[in-house]
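Here the structure comes first, spelled out in structure tokens, and everything after it is commentary.
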Amino acid sequence: MCGITGYIGYRQATPVLLEALKKLEYRGYDSAGIAVLHEDALLVRKMKGPLQVLEARLATETIAGSLGIGHTRWATHGEPSDINSHPHTDVSGRIAIVHNGIIENYAKIKAWLQARGGVFKSDTDTEVIAHLINYYYQQYQKDIPGTRDILLHAVQHALTRLAGSYALGVIACDFPDRLIAARKDSPLIVGLGEGEHFIASDVPALLAYTREVYFLEEREVAVLYRDHVDLFTEQGEKIIRAPSHVDWDLASAEKGGYAHFMLKEIHDQAKAFTDTLRPRLTLEAQGWDINFDEIKLDAGWAEAPRIVITACGTAWHAAMVGKYAFERFARIPVEVDIASEYRYRNPVFNPQDIFIVISQSGETADTLAAMRLAKKGGARILAITNAVGSTLSREADLVLYTWAGPEIAVASTKAFTTQLLCLYLLALKLGLLRGCLSDASPYLQALSEVADKVARILNQKELIQRFASRQFNKDKVFFIGRQFDYAVSLECALKLKEISYTHSEAFAAGELKHGPIALVDTNTLVVALATQRELFDKIVSNIREVTSRGAASLVITWEGESAFDAVADEVFTIPQIEDSLSPLLSIIPAQLFAYYCAVQRGNDPDKPRNLAKSVTVE
Ligand code: M6R
């Protein structure tokens with residue numbers, strides 16, 4: 001939800017900000033803007049529409065200045081418009097800010113400022129922050145004239161008034177030597193260069209300049225000068241901390257010749273899978289074993305009465321697959337809940353439970369809230385995340401990283417398959433610890449072959465592309481499956497709806513007759529996932545039921561399998577693997593199908609309407 005950036009240094013700020021915004025555009029793309037300090041004035045340029053609109057506008061003029069801030073917006077308060085775009089300024093236009101988050105008490109603050117003469121231009125919650133900083137700045141100027149720190153004090157004072165979430169960048173005409181940044185419940189990273197410093201909502205925006213960063217902690221404030229950076233607590237105490245090093249390379253955050261990030265990331269999956277698996281596999285004399293040194297599973301794991309998993313969106317679907325895997329391999333009850341439900345449902349805690357949270361970004365507001373709630377209840381948290389340094393990774397007790405590299409496309413792909421892999425490894429390890437599994441090596445051997453099998457599916461992508469070119473205009477697409485296939489169906493339906501805007505749903509195949517089949521007509525496509533061999537007959541019946549009502553059908557099943565040839569319109573096959581591991585492969589054709597349908601419909605799969613990559617607000 002919105003991306004912010006900022007620069008102070010020796011380069012021209014405008015091109016630096018624009019390049020950073022391109023890397024952050026996945027966070028919001030309904031408008032964009034920059035503010036640059038030019039001589040003694042803040043020049044603000046902001047436009048409704050994608051970043052290219054702003055870029056085209058900036059190509060018509062030169063804005064010189066080496067201090068600036070930038071923003072790419074996903075609107076929450078106030079429609080997408082030039083006026084509502086960030087940066088926002090105070091009344092005098094001498095203080096400018098960019099903001100990612102939501103100020104929940106903005107209406108109250110706005111009224112308070114209006115009563116003191118404040119005049120507002122936009123409908124946003126953000127504008128009140130600029131006015132509030134200016135209000136305290138004016139106060140401090142009267143009280144303590146000449147003090148160099150009054151902008152910082154004014155920002156800190158303003159922050160104490162805000163309820164909600166923020167990542168902020170602040171610049172002011174009176175302080176050409178500094179950029180102030182602060183965060184609460186929204187991510188913010190400070191990039192450290194030589195004679196220049198940066199802020200950004202996410203690492204890829206910094207990679208062209210530095211890999212040395214501070215991940216700002218909750219309620220920390222940073223003051224960036226050209227030659228150094230000061231970090232402060234909310235109370236104004238100075239913090240001394242070593243920077244973190246990030247390993248991602250620039251190429252992994254670029255499209256690398258693919259038409260879209262999503263297509264690139266679908267193809268990245270074989271490598272992401274290997275990168276996530278290899279460090280955790282060891283070859284012992286008796287076969288493969290799982291090396292989990294990073295999380296040190298103790299006896300508590302073997303004795304835990306239950307696993308609770310919570311997450312949102314795709315990560316929740318990974319959790320659903322995880323449920324089947326834990327129950328299959330470790331014979332342990334599993335409860336899975338959507339984080340936004342979990343956090344408000346007064347859940348029953350048992351401190352002996354294993355509590356797992358899954359989040360690609362590690363910044364999803366609902367997932368963080370669910371984790372904090374469980375922590376308060378005494379749970380020990382294991383996080384599965386792709387983002388080193390994210391809030392989730394810092395607040396969880398144990399972290400299992402998916403080494404998928406940056407995932408830029410809004411539609412999650414490689415994060416999903418690597419989350420699945422982590423869950424399978426955990427389930428197998430737990431199965432061994434609990435004595436439910438005597439030998440995990442056949443499964444681990446199978447996992448070690450998945451990357452090649454993914455590559456084989458990708459080599460056949462033209463088959464899916466052709467199928468999509470025939471089916472992309474269907475009114476409704478339903479994905480059906482049983483057990484593992486049902487869990488994967490949920491993810492298939494989400495992929496398709498979020499980027500192609502087709503009405504797509506997933507149903508447990510056995511539920512069809514309990515209601516959903518009423519929706520089936522001649523403008524429906526039913527995609528059956530059929531990888532659970534002992535349930536093939538049931539799926540054959542389900543396909544007959546929908547095709548006899550006029551639906552078109554596709555079955556995704558194993559290579560060499562002929563059970564569906566006579567009943568389905570089309571069959572797409574995937575390489576054989578043990579049934580319980582099928583989600584790692586069966587999702588790939590569905591990701592491709594969603595991608596090609598989106599392209600056929602003229603949508604940009606990387607920037608689906610109304611969505612943003614990282615949902616850092618409720
Ligand atoms: O970063 P997270 O994994 O916590 O994100 C959760 C969801 O917002 C995310 O998976 C979303 O559903 C994606 N757009 C799905 O493709």
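Keep in mind it's a predicted model, so treat the numbers as computed, not measured. Note that ligands are numbered from 1 as they come in the structure, with each ligand's atoms numbered from 1 the same way. Both backbone and side-chain heavy atoms feed into the values below; hydrogens, waters and symmetry mates do not. By convention here, the first residue in the shown sequence is residue 1.
- Close approach of ligand 1 to Lys495 is summarised as follows: ligand atoms under 4.0 Å from at least one heavy atom of the residue are 15 (C), 16 (O).
- Using a cutoff of 4.0 Å between basic side-chain nitrogens and carboxylate oxygens, Glu491 and Lys495 are scored as salt-bridged.
- At a threshold of 4.0 Å, the pair Asp366-Arg343 counts as salt-bridged, since one of the basic side-chain nitrogens sits closer than that to a carboxylate oxygen.
- Between Thr367 and ligand 1, no pair of N/O atoms sits closer than 3.5 Å.
- Between Phe416 and His317, the distance separating the two ring centers is not shorter than 6.0 angstrom.
- The proximity of Glu363 to ligand 1, defined as any non-hydrogen pair under 4.0 Å, does not occur for either the backbone or the side chain.
- Taking the six-membered ring for Trp, Phe467 and Phe593 have ring centres closer than 6.0 Å.
- The nearest protein atom to atom 6 (C) of ligand 1, hydrogens excluded, is given as Cys312 O, 3.3 Å; this is a heavy-atom distance.
- Atom 8 (O) of ligand 1 has as its closest protein heavy atom Val615 CG2, 3.9 Å.
- Residue contact check: Ser361 has heavy atoms under 4.0 Å from atoms 1 (O), 2 (P), 4 (O) of ligand 1.
- At a threshold of 4.0 Å, the pair Lys613-Glu407 counts as salt-bridged, since one of the basic side-chain nitrogens sits closer than that to a carboxylate oxygen.
- Residues Phe507 and Phe479 place their aromatic rings such that the two centres sit no closer than 6.0 Å.
- For the pair Lys255 and Phe261, the cation-pi criterion (under 6.0 Å, within 45° of the ring axis) is fulfilled.
- A cation-pi arrangement is present between Arg609 and Tyr501 under the rule of less than 6.0 angstrom and at most 45 degrees off the ring axis.
- Below 4.0 Å from some heavy atom of Ala411 lie the following atoms of ligand 1, by number and element: 16 (O).
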**Message:** Would Phe329 and Tyr443 count as a ring pair (Phe, Tyr, Trp, His ring centres under 6.0 Å) here? Give the steps.
**Reply:** CA-CA 10 Å; Phe329 297 124; Tyr443 296 103; 4.8 Å; yes
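- Interface atoms of ligand 1 facing Glu498, defined by a heavy-atom separation under 4.0 Å, are 13 (C), 14 (N), 15 (C), 16 (O).
- In terms of protein heavy atoms, atom 3 (O) of ligand 1 is closest to Gln360 N, 2.6 Å.
- Nearest protein heavy-atom neighbour of atom 13 (C) of ligand 1: Val410 O, 3.6 Å.
- Interface of Ser359 with ligand 1, defined as ligand atoms under 4.0 Å from a residue heavy atom, comprises 1 (O), 2 (P), 3 (O), 4 (O).
- Checked by distance only, ligand 1 and Ser412 come closer than 3.5 Å through their nitrogen or oxygen atoms.
- When the heavy-atom distances from atom 4 (O) of ligand 1 to Thr364, Ile384, Thr314, Val357 are ranked, the shortest goes to Thr364.
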